[in-house]
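Atoms within a ligand are numbered from 1 in the order they appear, just like the ligands themselves. When reading the values below, keep in mind they use all heavy atoms of this one structure, side chains included, and skip hydrogens, waters and symmetry mates.
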Amino acid sequence: MIKVIGLTGGIASGKSTVVDFLISEGYQVIDADKVVRQLQEPDGKLFNAIMETFGSDFTDENGKLNRAKLSALVFSDPNQRQKLSNLQDEIIRKELYARRDQLIKELGEKSVSNKVDAEEQPKKSSVNQIIFMDIPLLLEYHYEGFDEIWLVAIPENLQIERLMARNSFTEEEAKKRISSQMSLSEKKKYADIILDNSGTIDTLKKQIQQELARIIKEK
Ligand SMILES: CC(C)(COP(=O)(O)OP(=O)(O)OC[C@H]1O[C@@H](n2cnc3c(N)ncnc32)[C@H](O)[C@@H]1O)[C@@H](O)C(=O)NCCC(=O)NCCS
Ligand SMILES: Nc1ncnc2c1ncn2[C@@H]1O[C@H](COP(=O)(O)OP(=O)(O)OP(=O)(O)O)[C@@H](O)[C@H]1O
């Protein structure tokens, strides 16, 4: 059976850093933020609905969604955030589950022809037996169907610091985004594994390797 790991964590906690490492190790990852961006392209399933609801002012000079403008609106007004969620949630959810099912199907077919690998090279074959879904709002939006939930955790002061540095946000902008999400202490209640990312990226990688080794051993 292919294991599906849900990866989540607050904004700028380090999910993409975890994903980069998993990909470098050969694992397949469905990245929800990336999928949302594709769906929001002018030929994607969300673009027209956003324009109808928020107006064509929310485009940039290339006719694409002006994400910065929409972002400024939804993170300063919970009602607008809810409005965006109402129109996007079902389509995003359907797309993510469809991609998961497709990936499981592809890997399932591969693993039939790779039986020898599984016995002789368990690590090599594990990349075909575990998939990851990086979903920032996994807990807020009650995504289900995971064998394990991994939570990337950092204390709020570090989160603010990293978010301000990465997005060139003011402290106020960073705090607005963070406070629109479930708190870390609440998230911890639902997590199976907590990856502490308050240290170096190397320390984070070691924790991931440990968890991967555990799953491979359990299989
Ligand atoms: C609001 C939008 C336009 C802002 O775009 P922008 O380019 O500024 O940010 P980006 O998409 O890179 O998101 C960065 C991070 O913001 C956080 N975030 C995004 N949307 C939300 C939200 N509605 N509530 C809380 N946090 C959010 C997440 O941690 C995410 O990783 C965009 O994020 C969006 O459409 N969000 C809704 C996405 C959604 O509903 N996803 C569901 C599955 S995760
Ligand atoms: N252990 C670390 N030490 C120092 N900087 C780090 C560490 N881990 C991640 N970072 C940096 O912190 C920032 C946020 O990390 P990353 O982009 O991986 O977070 P994220 O959870 O994917 O964010 P988002 O929710 O916006 O998608 C990035 O600039 C990244 O390079």
Side-chain angles (χ1 to χ4, degrees), residues 6-24 29-41 44-47 49-51 53-54 58-60 64-97 99-100 132-144 150-155 157-169 173-184 186-187 195-208:
L7 177 69
T8 196
I11 186 163
S13 57
K15 295 178 298 300
S16 304
T17 309
V18 173
V19 167
D20 289 347
F21 179 64
L22 290 168
I23 290 174
S24 75
V29 184
I30 296 166
D31 178 333
D33 278 345
K34 234 191 223 168
V35 171
V36 171
R37 277 194 283 275
Q38 287 169 4
L39 293 170
Q40 290 172 339
E41 285 290 321
K45 289 181 188 153
L46 293 173
F47 186 80
I50 295 174
M51 291 304 129
T53 307
F54 292 94
F58 284 87
T59 49
D60 63 16
K64 293 188 164 204
L65 176 65
N66 186 335
R67 305 175 63 82
K69 189 169 176 182
L70 186 57
S71 174
L73 175 74
V74 302
F75 290 110
S76 52
D77 182 345
N79 292 325
Q80 298 294 338
R81 199 159 61 242
Q82 188 58 48
K83 208 156 102 180
L84 181 64
S85 165
N86 290 346
L87 77 86
Q88 294 200 116
D89 181 47
E90 207 182 311
I91 294 170
I92 297 171
R93 197 177 288 269
K94 243 179 147 172
E95 183 70 25
L96 291 176
Y97 286 142
R99 290 193 186 209
R100 175 201 61 188
F132 292 85
M133 298 179 80
D134 171 4
I135 309 183
L137 303 175
L138 184 151
L139 296 171
E140 285 88 342
Y141 287 2
H142 309 286
Y143 275 81
E144 284 175 352
W150 290 12
L151 173 68
V152 189
I154 52 171
N157 59 338
L158 203 51
Q159 189 181 17
I160 294 170
E161 204 178 281
R162 288 184 186 164
L163 182 52
M164 287 172 67
R166 191 195 59 187
N167 290 38
S168 307
F169 278 170
E173 284 170 321
K175 284 182 172 168
K176 258 191 202 169
R177 285 238 184 172
I178 292 168
S179 66
S180 71
Q181 302 189 335
M182 187 189 281
S183 70
L184 179 61
E186 188 62 20
K187 280 184 178 149
L195 301 172
D196 173 5
N197 190 24
S198 58
T200 63
I201 292 178
D202 265 359
T203 314
L204 177 68
K205 285 181 186 171
K206 286 204 182 91
Q207 295 172 70
I208 301 166

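One finds no salt bridge joining E41 and R37 here, because no Lys/Arg side-chain nitrogen approaches an Asp/Glu carboxylate oxygen to under 4.0 Å.
Checked options K83, Q82, Q88; the residue passing with N86 is Q82 (criterion: side-chain hydrogen bond (donor to acceptor under 3.5 Å, both in side chains)).
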Validation: residues 7-19 side-chain donor-acceptor distances under 3.5 Å, sequence neighbours left out:
from, atom 1, to, atom 2, distance (Å)
T8, OG1, I135, O, 2.8
T8, OG1, P136, O, 3.0
S13, OG, G10, O, 2.7
K15, NZ, G9, O, 3.2
K15, NZ, G10, O, 3.0

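Each of I11, D33, V36, R37, Q40, R67, L70, S71, V74, F75, R81, L84, Q88, I92, I135, P136, L137, Y141, Y143, R177, S180, Q181 has a non-hydrogen atom positioned under 4.0 Å from some atom of ligand 1. Using a heavy-atom distance under 4.0 Å as the criterion, the protein contacts of ligand 2 are G10, I11, A12, S13, G14, K15, S16, T17, D33, R162, R166, N197, G199, T200, I201.
The environment of NZ in K34 is sparse: at most 12 heavy-atom neighbours from other residues, nucleotides or ligands sit within 6.0 Å. Within 6.0 Å of atom NZ in K69, more than 12 heavy atoms from other residues, nucleotides or ligands are found, so the atom counts as buried in its surroundings.
When every heavy atom of V35 is checked against every heavy atom of E95, the shortest pair comes out as CG1-CG, 3.6 Å.
A distance of 8.0 Å separates CG of D60 from CG of L65, quoted to the nearest 0.5 Å. The distance from atom CZ of R162 to atom CD1 of I154, rounded to the nearest 0.5 Å, is 5.0 Å.
By the salt bridge (charged side-chain N to carboxylate O under 4.0 Å, His left out) test, D89 is found to be paired with R93, residues two or more places apart in sequence or in another chain being considered.
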